[in-house]
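Beneath this line is the structure, given in structure tokens, with notes to follow.
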Amino acid sequence: MSLPGTDPTGPLNDESYIQLLAPDGTRTASEEFDPWLEDIDGDRLAALYQDMVVVRRLDQEATALQRQGELALWPPLLGQEAAQIGSGRALRKDDFVFSSYRENGVAYCRGVDLTDMIRVWRGNRPSGWDPYEINMATPQVIIGAQTLHATGYAMAAKFDGDDVVAVAYFGDGATSQGDVNEAMVFAASFQAPVIFFCQNNQWAISEPVGLQAQGKLSDRAPGFGIPSYRVDGNDVLACLAVTRKALDHARTGGGPSFIEAVTYRMGPHTTADDPTRYRDANELEDWKRRDPIDRLAALLSAEGLLDEALRQRVQKAADEAAAEMRAGCINMAEPADLELFDNVYTAPHPVLARQRQHYERYLESFEAAEGGH
Amino acid sequence: MGIKVFKLPDLGEGLTESEIVSWHVAEGDAVQLNQILGEVETAKAVVELPSPFTGVVRTLHEGPGTTVSVGEPIVSIEVEEPGQEDGGKASGEPASQRQPNLVGYGAAAERNGRPARRPRRTAAAAGATAVPTAVAETVPQRARAAEHNGIAGAPAPGQTQDVPQLMPAAPVATERPRSTPPVRKLAKDLGVDLAQVVGTGDRGLITRGDVQNFHDAGSAAPVEAPASGTGGGWLAGAAEAETRIPVKGVRKLTAAAMVASAFTAPHASSFLTVDATASMELIQRLKEHKAFAGLKLTPLTITAKAVCLALGRHPELNARWDESAGEIVQQNYVNLGIAAATPRGLTVPNIKGAHRLDLRRLAEALGELAETARAGKTAPSDLRGGTISITNIGVFGIDAGTPILNPGESAILAVGAVRRQPWEYRGEVALRDVVTLSLSFDHRVVDGAQAGRFLADVGTILSEPAMVLAMV
């Protein structure tokens, strides 16, 4: 017996999605989308491959760091590299990303410092980075709330006459949230330059997507008056092309778009989760055959591009990134006690100042332990 | 060369222990960074443990099947160079070295029985130089008090002067004036200091119009605040428009009990007004009887007895609703609660086994209960286990009301004031001692007919005490 929504012959699993790179590495021609990939030459293909390998490696390193007691928690993105790299690499530097907590691949594309990427997960800081340095908001843990932020940002950009696009990343589970639906109403009403990028990774923690969607997620957006695309989320070229098209649409005054990237969360929801308790092992095997990195490697091999030099270069980049993240994690300086009160408000705030003063006095009532911290 | 110890991390969120399932390596094996050492099972999942170090496994501290607490050593690994990979945490690190406390880990478990708090600086030492001799003697006492309370409050005199005063002036000014972000923005744009603007919106909210008006007025004369502090306009000569009283103690318990009762038990009420002249006459006669000498006899005494007698005929009112068991528990004894206004607030102590007491002993018990309650000495056990309650609202000159059930009980009777009123008596209007009884009952447990019959019995006893002979 299969779980609802996981029936491979069911409506949710039909492969009526945009696919430019088949699981075996075959490149499919597309009149509509190939024009969006004209600049993707051998070097750029190799760069996309390197991005995906590095991001997977960082994800594995962070998972290991959690198992070693160095991080409190980590939400793995294993299996979703193509969706994140393909869309992330389509963005312009001045576009603005509003993501959930799993978009570390997108964060990597935005240029986030690798130590900042794990700061929150070590409990070191309430947030990891300055959003305006990389034009990516700090990850939203409240499911779907970031879609409203993105829509608001996009509305403001439109009011300002700016041609930047806001991109909201969220999962299949978030589509059931009121916030996401409200955001789509506003985005459509104001024709805001925002992209709703939904990574349908099939599982909202332990709930299969079929329990909260009787049809395709991409079919919901047209009901709001928002054009939508259903794309093979494990196909980095399709994700790149479709995102580019949606970005252009938004930038040129066309308004919002919805992209459903059909992918699979190959790992647990977080390091505190055990997916074997609620999903069939066969399912993972099926999706492994559609691995996003393997198929690009197959294409590169077929084109004669995946030589030893490239393999070594990519391996080295991944190793170095992992080592940088590990060192950054382990050597992360602990914040001083009173830094807790910094950056809560932009301007001095009397109530907070009073709390800070009380806490300072409390700390002063202790004496430093001998020879200790 | 050095030994590094891998301690069991919290692998879920807030887990305290894990069971070793298997080891994939043996002592003496060389391992790489992130090589899987083995598997452990937490309350949430079976997970693989990657090695945090590159080196040689020296000790596997626990075998498969063992449950290990978070923070206990599980594997010791001999590493090549000190300082590799983990950023130079030296091996054999002193036990006292502080580890970062990760999210979800909680405080580190204590091993030595003593809490790992840093020693407290004594107030005497801190304040010694600044404290005048006369005050110094009080300092240790303050310090002990602070220690006892587990708080760092009560700083010694002299110490407070060292603390930077961020808000030296009036504490009322520390709260930001109430307004909304767009209004704050407007104020900022217009250069208006919101602290000087008087809000006319809901509960003093500063509106856009207030800011605009203040600005248009050239902020010449600060608008006068509503006349507070003049003392004239307020109740009881209070200086402020509102006085905020912390909700605590009995008030807090009362509030919680009332909310719990009113919103779980569907209340219904019945009222009965009776001619209690016969009871009042009975009270007068009993007062002269030597068995009742020195005892306080009131309409409440007779009512309490009447309630106990009526419950014998209508035990359904002496019951409680057991939600978890899905049962109604009929109690075959009466613990009679009496609502008492005490200096600390409302309490409802009860007389245990009131159904076994004759009128004299019931009068005694009521007297003791009231005295104890007024002295604030009611034992907690006397507040628990009530089966039905009476509230004597007559003492306040009140006739009737809808009492709220004491939580866990199914009925409460309010006894109103006994008044000389014109009343039908033997076919004519006469001045009689009339009292109103107000009964609230839990309609889940008690039907209106049952409550009505019970109330009628109590009324009959009050109006014709001799009718007890026909009831028992």
Side-chain angles (χ1 to χ4, degrees), chain A residues 57 60-61 63-73 120-124 126 268 270-277 319 322-323 326-335 345 347-373, chain B residues 6-15 33-34 40 42 44-53 70-71 85-89 94 96-105 116-123 125-126 146 151-153 155 159-160 162-167 171 173-176:
Chain A
R57 178 58 194 277
Q60 286 166 341
E61 195 69 19
T63 303
L65 283 166
Q66 195 282 333
R67 297 295 184 229
Q68 291 157 0
E70 299 292 350
L71 296 180
L73 189 72
V120 167
W121 305 104
R122 193 171 166 84
N124 181 267
T270 67
T271 48
D273 172 45
D274 180 2
T276 63
R277 293 196 182 188
D319 288 348
R326 173 170 289 269
C329 177
I330 288 165
N331 298 319
M332 201 180 289
E334 272 200 81
Y345 289 98
H349 192 287
V351 175
L352 200 68
R354 193 167 61 211
Q355 288 178 8
R356 187 184 197 279
Q357 188 188 339
H358 287 170
Y359 191 55
E360 196 173 7
R361 218 155 48 202
Y362 173 70
L363 293 175
E364 277 172 3
S365 71
F366 293 96
E367 203 169 46
E370 274 178 49
H373 172 76
Chain B
F6 183 18
K7 294 171 184 165
L8 181 72
D10 174 4
L11 296 157
E13 290 171 275
L15 298 175
L33 176 70
N34 290 345
V40 300
T42 72
K44 292 181 175 175
V46 174
V47 297
E48 294 180 326
L49 283 185
S51 175
F53 317 112
V70 167
E85 303 298 354
D86 73 345
K89 272 185 216 157
S96 65
Q97 184 167 340
R98 188 161 166 241
Q99 297 289 318
N101 204 14
L102 296 183
V103 172
Y105 272 47
R117 299 188 74 163
R118 283 172 282 175
R120 227 167 252 287
R121 178 193 298 162
T122 66
I151 52 164
Q159 203 181 7
T160 49
D162 301 337
V163 177
Q165 290 292 318
L166 297 186
M167 282 80 50
T174 61
E175 298 294 339
R176 186 166 60 177

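Here is how names work: the chains are called A, B, and so on, in the same order as the sequence lines, proteins then strands, and each is numbered from 1.
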Rounded distance (nearest 0.5 Å) linking atom CG of Asp10(B) with atom OG1 of Thr271(A): 9.0 Å

Donor-acceptor contact below 3.5 Å, side chain Glu48(B) vs main chain Arg67(A): no

Inter-residue atom distance Leu65(A).CG - Asn34(B).CG, 0.5 Å rounding: 7.0 Å

Heavy-atom side-chain contact between Gln68(A) and Pro9(B) under 4.5 Å: no

Side chain to side chain, Val46(B) and Arg277(A), heavy atoms closer than 4.5 Å: no

